[in-house]
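To start, the structure itself, in structure tokens.
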Amino acid sequence: MKHDQLILELQSIVGEEHVSTSADDRAKYGQDALKEIALPEVVVWPRTADEIAAVMRLANRDRIPVTPRAGGVGYTGGAVPLHGGILLSVTRMNRILEIDEPNLVAIAEPGVITADFQRAVEAKGLFFPPDPSSLEESMLGGNIAENAGGPRCVKYGVTGAYVLGMTFVTATGEIVKAGGRTTKNVVGFDLTSLMVGSEGMLGIATDITFRLLPLPEANRTVSVIFATARTAAACVTAIMANRIIPAKLELIDGFSLRAVADYTGEPLPENAGALLLIEVDGSPGEVEREAREVERICREIGAIEIVVAETAEESERLWSVRRKMSPAVGRLRPRKLNQDVVVPRTRIPDLLEIVDEISARLDLLIPCFDTPVTAICTST
Ligand SMILES: Cc1cc2nc3c(=O)[nH]c(=O)nc-3n(C[C@H](O)[C@H](O)[C@H](O)COP(=O)(O)OP(=O)(O)OC[C@H]3O[C@@H](n4cnc5c(N)ncnc54)[C@H](O)[C@@H]3O)c2cc1C
């Protein structure tokens with residue numbers, strides 16, 4: 001199909017102002033956080049499932065590649081239009097359609113920013129645990145398509161654990177309803193699970209039904225510095241062995257820690273070799289008991305410094321270290337490759353040792369950080 005004809009047809013579907021071929025838009029929508037660049041021929045911003053279905057029928061008829069995109073901060077390159085064609089942005093589909101408090105369910109469009117969704121349900125005393133560190137920029141569509149998870153996944157699991165159903169549009173332009181709004185919705189093929197983690201390759205989600213939890217009454221963050229990452233990892237095992245499942249857990253190696261300290265200008269203890277961030281949540285009594293227990297275990301294992309947050313602001317400040325990790329490490333080299341490595345918790349010390357060995361052998365900087373179920377080893 002001729003380019004001009006394609007643009008006219010797309011304009012007739014989504015409106016003239018929601019189609020762009022400008023060099024700026026094509027460049028902006030030609031990459032995600034991976035920084036691989038491939039320019040789309042055109043960017044479209046549909047508003048409804050029907051509009052997406054019409055775009056997909058047009059693209060299917062003329063064999064034009066379509067790449068869906070939400071917040072554009074994925075690290076897999078999934079939102080990069082490698083084959084050109086149409087870049088379909090869901091940013092205009094940004095409404096929370098329903099928060100059903102008695103049934104602990106919410107329905108939202110894929111362009112809702114993750115943190116906005118969390119804040120909206122929390123305002124009603126409910127809880128949406130998945131917390132990728134990109135949550136102020138990433139969107140629900142990208143979260144389900146990448147099955148994103150953050151520090152809370154140790155206790156609460158990743159995004160897929162909260163998706164009850166969704167409406168999606170197939171490559172041929174059909175609108176499909178998968179799943180439902182109840183937990184026991186087990187009849188038929190589980191298309192919802194198939195869509196979760198499919199990186200936009202099986203269909204485009206147009207609304208998503210999420211399961212919610214009651215918001216924990218209290219939480220507390222404990223920040224602990226150790227001399228080595230191995231000791232910090234041993235501490236994680238000891239905490240779990242004492243039957244405490246932290247709500248959030250993050251192990252940051254010494255290299256990453258120093259990178260953040262250089263970036264923020266905040267001083268570190270001289271022999272700091274790793275940081276463990278631990279958050280416990282539950283009823284106020286439970287939180288008090290678990291925080292004290294965590295402190296005791298960390299001290300016994302050889303912590304150099306322990307800070308227990310007394311306020312929400314203090315807790316936020318402690319966790320901000322994690323959010324600064326990516327830019328701090330990225331500053332050290334012009335090119336950075338993120339790799340998620342997943343090992344059983346008890347093998348984290350071995351993983352860190354192997355990473356050190358590879359780092360020395362190949363003369364590569366490999367900072368390691370992330371929850372102690374995955375480690376992001378960033379080769380720079
Ligand atoms: C600083 C930083 C920290 C990060 N921390 C974490 C972390 O802690 N945990 C983690 O898991 N990830 C993390 N990420 C990666 C990333 O933020 C997540 O993968 C997030 O889910 C991407 O969301 P997005 O809205 O940016 O999606 P995009 O990058 O826009 O898209 C991601 C994929 O989803 C597809 N997609 C988008 N919308 C739809 C839709 N409506 N239907 C179907 N497919 C769709 C796209 O085609 C693409 O394949 C981080 C990224 C950055 C930059």
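Every number for a ligand or one of its atoms is a count from 1 in the order of the listing.
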| query | Should Gly142 be counted as touching ligand 1, given the test is an N or O pair under 3.5 Å? | reply | yes
| query | Which residue from Gly150, Gly149, Pro327 reaches closest to atom 7 (C) of ligand 1 through any of its heavy atoms? | reply | Gly149
| field | Under 3.5 Å: donor-acceptor pair, side chain of Asn60, backbone of Met56 | value | no
| query | Measuring from the heavy atoms of Asn143, does anything fall under 4.0 Å of ligand 1? | reply | yes
| said: Using a 4.0 Å heavy-atom cut-off, which part of Ser133 comes near ligand 1: side chain, backbone, both, or neither? | reply: both
| field | Parallel, tilted or perpendicular, as decided by the 30° and 60° cut-offs, for the rings of Phe117 and Phe210 | value | tilted
| request: Please tell me if the side chains of Val294 and Pro246 come closer than 4.5 Å, counting only heavy atoms from C-beta onward. | output: no
| message | Between Glu9 and Arg61, does any side-chain N to carboxylate O distance fall below 4.0 Å? | response | yes
| message | For ligand 1, which is the ligand I care about here, please tell me if Gly72 has any N or O atom under 3.5 Å from one of the ligand's N or O atoms. | response | yes
| said: Does any N or O of ligand 1 fall below 3.5 Å from an N or O anywhere on Ala148, backbone included? | reply: no
| Lys/Arg N to Asp/Glu carboxylate O, Arg220 vs Glu286, below 4.0 Å | no
| task | Decide whether the shortest distance between a heavy atom of Gly77 and an atom of ligand 1 is less than 4.0 Å. | result | no
| task | Tell me which part of Glu146 gets within contact of ligand 1: side chain, backbone, both or neither, using heavy atoms under 4.0 Å. | result | side chain
| query | Does an N or O from Ile144, backbone or side chain, lie closer than 3.5 Å to an N or O of ligand 1? | reply | no
| field | Polar atom proximity, Glu199 to ligand 1 (N or O, under 3.5 Å) | value | yes
| Quick one: which ligand 1 atoms are inside 4.0 Å of a heavy atom on Gly74? | 16 (C), 22 (C), 26 (O), 29 (O)
| message | Regarding ligand 1, does Ala205 bring an N or O atom to under 3.5 Å of one of the ligand's N or O atoms? | response | yes
| Is Glu295 salt-bridged to Arg292, cutoff N-O under 4.0 Å? | no
| task | Flag Ser134 as yes when one of its N or O atoms lies below 3.5 Å from any N or O atom of ligand 1, and as no otherwise. | result | yes
| task | Begin from the C-alpha positions of Val224 and Phe226 and carry the test side chain to side chain contact (heavy atoms under 4.5 Å, CB included) through to its verdict. | result | CA-CA 7 Å; Val224 192; Phe226 290 94; 3.6 Å; yes
